[in-house]
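We name chains A, B, ... by the order of the sequence lines, and we start the count at 1 in each one. These figures come from a predicted structure and were not determined experimentally.
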Amino acid sequence: MPELPEVETARKVIAERALHRTIVAVDDTDSYVCRPHAPGQIRDALLGRQLIAAHRRGKTMWCETSGLDGSAEHGSAEHGSAEHGPDLGLHLGMAGRIVVESPGLETVWGGEPFRRDAQPARAQWDRFRLDFADGGSLVLFDKRRLSRVRLNPGLAALGPDAGTVTEAEFRDLVRRGTVAVKARLLDQSKIAGVGNLLADEALWQARISPQAPAGSLSRPAVRRLYQSLQAALASAEANGGVHTGEVIAARRRGGVCPRCGAPMRQGVVGGRTTWWCSREQALRRAAGARTPRRASV
DNA sequence: AACAATGTTCAGTC
DNA sequence: GGACTGAACATTGT
């Protein structure tokens with residue numbers, strides 16, 4: 001169930017292990033995952049080509065592909081689009097992972113966090129597959145079938161990547177409107193890459209209520225939020241995923257704030273289950289308002 | 001058995 | 001048209 005850091009891990013797996021290998025077979029028969037393409041359309045577009053680069057913005061990945069004889073990987077060749085194939089867009093949805101097999105090398109994967117269950121990966125969860133001429137493969141594995149594969153994915157609906165957005169851009173995009181700040185963080189058209197856990201973690205680090213209207217944040221608060229988000233992204237990438245966030249383990253019944261010990265509170269914000277510290281992330285009303293209610297559990 | 005799940009999209013309302 | 005809300009999507013795990 002990947003957010004930006006997990007998707008970046010998957011992108012690296014592709015970039016390091018799946019490039020420059022000729023595609024000799026494509027399974028694009030899952031019409032839900034491959035929508036709106038017709039079965040066979042992605043296959044026909046990719047057969048005989050190679051993946052030559054893997055990119056990411058937010059949670060969306062796309063791979064550039066070579067010309068039919070692999071020409072683009074051998075440099076120059078700037079004679080027009082015939083030298084390149086279409087981009088292959090990959091989105092891991094809620095539970096997708098990328099698995100790359102290579103002859104003589106161990107299988108590598110990225111995306112969904114590691115689970116130590118002994119359960120073998122059932123082939124029925126392979127939603128999309130590229131087979132390479134060397135006998136290896138790239139598989140999009142997804143138990144829940146909400147991942148997506150498509151040719152030439154548009155990126156116009158995505159805001160700047162959460163990992164590279166500047167503080168000034170972030171402030172302009174976030175601090176406006178009346179929507180809850182958490183909902184704004186989850187809006188991929190504003191900032192791309194933040195998911196439910198990352199949003200809870202960054203807001204907790206910054207001690208900001210997830211329910212605070214986005215436009216009501218003070219300039220220092222937005223700055224804290226930006227810095228907390230960058231720290232949470234870096235920490236997740238270093239430690240293996242967003243589930244390693246400090247407050248994530250406290251997202252459960254009876255959980256307490258890892259900093260102050262106050263009970264964690266749960267609710268729905270922006271349509272997603274949300275946990276926050278009842279003390280440090282209390283929703284403060286506009287200037288002049290009091291906070292008369294004692295903390296309730 | 002009912003419900004939640006680390007995501008996106010789309011129909012609907014203001 | 002933009003901002004916002006809530007349900008739907010497919011499937012699994014609790």
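In this structure A:Pro213 satisfies the side chain to side chain contact (heavy atoms under 4.5 Å, CB included) test together with A:Ser216, sequence neighbours excluded. Residues meeting the side chain to side chain contact (heavy atoms under 4.5 Å, CB included) test with A:Pro258, sequence neighbours left out: A:Trp204, A:Val247, A:Ala250. With sequence neighbours excluded, the residues forming a side chain to side chain contact (heavy atoms under 4.5 Å, CB included) with A:Ala45 are A:Pro86, A:Leu151, listed by chain and number.
Rounded to a whole Å, the CZ atom of A:Arg127 is 17 Å from the P atom of C:dC9. Whole-Å rounding puts the A:Arg35 CZ to B:dT9 P distance at 8 Å. Distance A:Leu186 CG to B:dT9 P: 14 Å, rounded to the nearest Å. One can place CG of A:Leu140 at 14 Å from C1' of B:dG7, the figure rounded to the nearest angstrom. To the nearest angstrom, C1' of B:dG7 lies 13 Å from CG of A:Asp187. The separation between A:Arg184 atom CZ and C:dC4 atom P is 5 Å, rounded to whole Å. Protein atom CG of A:Leu146 is 11 Å distant from nucleotide atom P of C:dT12, rounded to whole Å. Taking atom CE of A:Met94 as the reference point, atom P of C:dT12 lies 14 Å away to the nearest angstrom.
Rounding to the nearest 0.5 angstrom, the gap separating the CH2 atom in A:Trp62 from the NE2 atom in A:His91 is 12.0 Å.
Taking both residues in full, the closest heavy atoms of A:Ser147 and A:Gly96 are given as OG-CA, 4.5 Å, listed atom of the first, atom of the second, then distance. In this structure, A:Arg49 and A:Gly85 approach most closely via the heavy-atom pair NH1-CA, 3.3 Å.
The side chain of A:Tyr32 sits closest to C:dC9 out of B:dG7, C:dG13, C:dC9. Taking the side chain of A:Thr273 as heavy atoms from C-beta on, and the options C:dT11, B:dT8, B:dA4, the nearest nucleotide is B:dA4. The side chain of A:His91 approaches B:dG7 more closely than any other nucleotide in the set C:dC4, C:dT12, B:dG7.
Listed by residue number, there are no residues of residues 148-176 of chain A with a heavy-atom contact under 4.0 Å to DNA chain C.
Nucleic acid contact class of A:Val179 (heavy atoms, under 4.0 Å, all strands): sugar-phosphate only. No contact: A:Gly271 has no heavy atom under 4.0 Å from any strand.
For residues 178-191 of chain A, the pairs satisfying salt bridge (Lys or Arg N to Asp or Glu O under 4.0 Å) are A:Lys182-A:Asp200, A:Asp187-A:Lys190, with sequence neighbours left out.
The phosphate of B:dA4 has neither OP1 nor OP2 within less than 4.0 Å of any side-chain N or O from A:Arg272. For the pair A:Ser147 and B:dG7, the criterion of a side-chain N or O lying under 4.0 Å from OP1 or OP2 is not met. In this structure, A:Lys143 does not reach the C:dT11 phosphate: none of its side-chain N or O atoms is under 4.0 Å from OP1 or OP2.
Summary of the strand contacts: A:Arg144 and A:Gln188 both lie near DNA chain B, and taking for each the nucleotide with the nearest heavy atom, the more 5' one is attributed to A:Arg144. Both A:Gln124 and A:Ala183 lie near DNA chain C, and the one whose nearest nucleotide falls closer to the 5' end is A:Ala183.
Remark: A:Arg223 is not positioned above the aromatic ring of A:Tyr226, lacking an NZ or CZ atom under 6.0 angstrom from the ring centre and at most 45 degrees off the axis.
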Test log, rule side chain to side chain contact (heavy atoms under 4.5 Å, CB included), inputs A:Thr29 and A:Phe128: CA-CA 8 Å; A:Thr29 51; A:Phe128 178 80; over 6 Å; no
Stepwise side chain to side chain contact (heavy atoms under 4.5 Å, CB included) test for A:Leu197 and A:Arg251: CA-CA 9 Å; A:Leu197 295 189; A:Arg251 291 174 96 261; 3.4 Å; yes
Nucleotide pairing, DNA chain B (Watson-Crick or G-U, distances under 3.5 Å), in dot-bracket with [ ] and |: .||||.||||||||
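Comparing B:dT9 with C:dT12, their P atoms are spaced 22 Å from each other, to the whole Å.
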